[in-house]
Amino acid sequence: MFQKVLIANRGEIAVRIIRACRELGIRTAAVFSEADRSSLHVKIADEAICIGPAATADSYLNIPAILAACELTGAEAVHPGFGFLSENAAFARTCEKCGVAFIGPSPEAMEMMGNKAAAKAAMKGADVPVVPGSDGAVSTLDEAKAAADKAGYPVMVKASAGGGGRGIRRVDRPEDLEAAIIAARQEAGRFFGDDSVYIEKFIVNPRHVEVQLLADSFGHVIHLGERDCSLQRRNQKVMEECPSPAMSPALREAMGEAAVRAARACGYRSAGTVEFLLSGDSFYFMEMNTRIQVEHPITEMVTGVDLVKSQLRIAAGLPLELCQEDIRMSGHAIECRINAENPRLGFRPSPGQINALHMPGGPGIRIDSAVYQGCEISPYYDSMIAKLIAYAPTREEAFMKMKWALAEFLVEGVDTNIDFQLNLIKDPQVEAGQYDIGFLDRSPALTGA
Ligand code: ADP
Ligand code: ADP
Ligand code: MG
């Protein structure tokens with residue numbers, strides 16, 4: 001096992017990774033930007049190094065500074081968390097060249113899945129059902145038109161390099177296609193430095209159901225069931241649950257096997273997630289996220305498997321300790337993303353100082369967060385400040401627990417989406433499990449505005 005790991009991230013995921021390292025007896029090195037001097041991950045790591053100014057390009061995305069920090073601290077491996085450099089194949093490759101283990105898949109697997117258009121083509125070849133659409137990226141308007149006509153409207157224009165719901169446009173009529181492509185290209189260029197786009201049939205009212213995978217370096221691949229992430233605002237996840245209320249054991253097996261085929265097709269190693277759209281009993285591959293995901297804790301609660309510790313073991317060259325038959329899903333878990341934002345003002349981010357804080361607790365409540373009383377929520381980064389997770393033997397009890405936990409959660413100094421989450425968890429349709437990916441956008445009243 002590694003003696004020391006550097007965490008190339010911040011916030012709650014950095015804290016989460018430091019905890020996993022601690023449990024495995026690994027020493028930790030944190031990196032931080034000038035804006036994060038007093039962040040929790042800096043305080044709890046064994047050592048911490050400033051890697052640059054607040055802007056992410058100068059700090060958390062600054063590859064030379066991060067590798068210099070590895071050299072200075074003697075870290076043998078880097079955990080990239082999610083976001084930032086987690087899906088950057090060039091970073092993974094540079095780490096390898098510098099003799100630092102990248103805790104994740106090989107750069108080749110990341111490259112194959114990182115281009116979503118190319119990944120879809122590869123998945124088709126691996127007998128994984130994909131959303132109908134263009135074969136790879138479209139280079140001309142005529143090509144796009146032909147692909148859209150073939151798929152049938154409505155269609156989605158999607159950025160090949162996309163992530164975080166960015167660079168995606170729905171198009172209902174042929175005459176709107178060109179404008180959507182221009183808009184998606186612009187956004188994709190700005191966010192990902194790559195403006196290539198592809199066309200996909202718009203699946204009406206599907207659910208977003210994703211499968212968690214673990215794979216080691218010896219060709220063992222297992223799946224750990226699914227998460228339902230259909231509760232989304234503008235294609236961004238808000239609340240997730242495990243298992244999905246729409247799943248049957250047969251469907252779980254079929255989707256799990258398709259996800260395993262996807263992982264095998266790219267020689268995958270580490271933890272990863274295959275995202276599907278589920279419509280009735282049909283499911284379609286959307287993309288693979290080659291990293292730990294925000295919502296990984298709900299799978300951990302239901303399966304009892306620590307995914308971050310598994311990543312560390314796999315990266316250290318150890319074989320998976322579990323086989324498919326060992327994976328049992330038991331009970332139900334829900335995650336609410338707590339953001340510093342104001343739902344009444346169009347979810348405007350609300351940075352500032354947290355001057356009073358009370359977080360809920362009790363049996364079955366888990367909080368992954370990096371906030372503490374007096375801490376500063378920086379305007380430079382993501383507005384997610386905590387993840388509240390409720391686990392219980394049944395879905396009903398998990399919902400009940402989450403309601404009380406949200407009601408107990410007190411944050412003063414910044415605006416939060418806690419009341420919005422409370423409205424959501426109390427919604428009869430959500431409680432009944434009858435929601436699809438468009439549900440939140442069709443329910444403006446939930447914001448309380
Ligand atoms: P996930 O796909 O892990 O469920 P999202 O889809 O909401 O999470 O995340 C969107 C993108 O933004 C992903 O690339 C994720 O890695 C990144 N991201 C999400 N939250 C954060 C954060 N707090 N800091 C940095 N990056 C983040
Ligand atoms: P990202 O890389 O930004 O996470 P995804 O391909 O995962 O992009 O899509 C983000 C979300 O957009 C999905 O979770 C889903 O809600 C919606 N979406 C994506 N593709 C389609 C589609 N073809 N039809 C309907 N909804 C879609
Ligand atoms: Mg996605």
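As the structure lists them, so they are numbered: ligands from 1, and atoms in each ligand from 1. Count residues from 1 along the sequence. Scope of the values below: all heavy atoms of this structure, side chains included, with no hydrogens, waters or symmetry mates.
In terms of N/O distances under 3.5 Å, ligand 2 is approached by Gly165. Of the N or O atoms in Gly164, one or more lie within a sub-3.5 Å distance of an N or O in ligand 2. Ligand 2 has no nitrogen or oxygen under 3.5 angstrom from a nitrogen or oxygen of Phe202.
Atoms of ligand 2 found under 4.0 Å from any heavy atom of Lys201 (numbered from 1 in listed order, with element): 22 (C), 23 (N), 24 (N). Counting the atoms of ligand 2 from 1 in the order shown, those under 4.0 Å from a heavy atom of Gly162 are 2 (O). Of all the atoms in ligand 2, the ones that sit under 4.0 Å from a non-hydrogen atom of His208 are 13 (C), 14 (O). Numbered from 1 in the order shown, with element, the atoms of ligand 2 that lie under 4.0 Å from a heavy atom of Ile203 read 22 (C), 24 (N), 25 (C). Within ligand 2, the atoms closer than 4.0 Å to a non-hydrogen atom of Ile168 are 8 (O), 9 (O), 10 (C), numbered from 1 in the order shown.
For Glu287, the N/O/S atom at the shortest distance from the Mg ion (ligand 3) is named OE2. The Mg ion (ligand 3) sits nearest to atom OE1 when only the N, O or S atoms of Glu275 are considered.
Under a 4.0 Å N-O distance rule, the pair Arg337/Glu12 does not qualify as a salt bridge. A salt bridge links Lys120 with Glu200: at least one charged nitrogen is closer than 4.0 Å to a carboxylate oxygen.
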- Query: Between Thr140 and Asp142, is a side chain to side chain donor-acceptor pair (under 3.5 Å) present by the stated rule, with each step listed?
  - Reply: CA-CA 5 Å; Thr140 64; Asp142 284 341; 5.5 Å; no

- Task: Show your working on side chain to side chain donor-acceptor pair (under 3.5 Å) between Gln186 and Asp195 and close with a plain yes or no.
- Result: CA-CA 7 Å; Gln186 258 171 14; Asp195 71 354; over 6 Å; no

- Message: Asn339 vs Ser383, test: side chain to side chain donor-acceptor pair (under 3.5 Å). Steps then yes/no.
- Response: CA-CA 5 Å; Asn339 301 333; Ser383 62; 4.5 Å; no

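Considering each of Glu200, Glu87, Lys158, Met156, the one bringing a non-hydrogen atom nearest atom 27 (C) of ligand 2 is Met156.
Because its NZ or CZ atom is not both nearer than 6.0 Å to the ring centre of Tyr391 and within 45° of the ring axis, Arg366 does not count as a cation-pi partner of that residue. Relative to the ring axis of Phe347, Arg233 places its NZ or CZ within 45° and under 6.0 Å from the centre.
Crowding of Tyr380 atom OH: a count of heavy atoms from other residues, nucleotides or ligands under 6.0 Å not exceeding 12. Annotation for Glu108: atom CD counts as buried by contact number, over 12 foreign heavy atoms lying within 6.0 Å.
The shell of residues lying under 4.0 angstrom from ligand 2, judged by heavy atoms, includes Lys116.
Contacts between Val204 and ligand 2 below 4.0 angstrom, taking non-hydrogen atoms only, are absent altogether.
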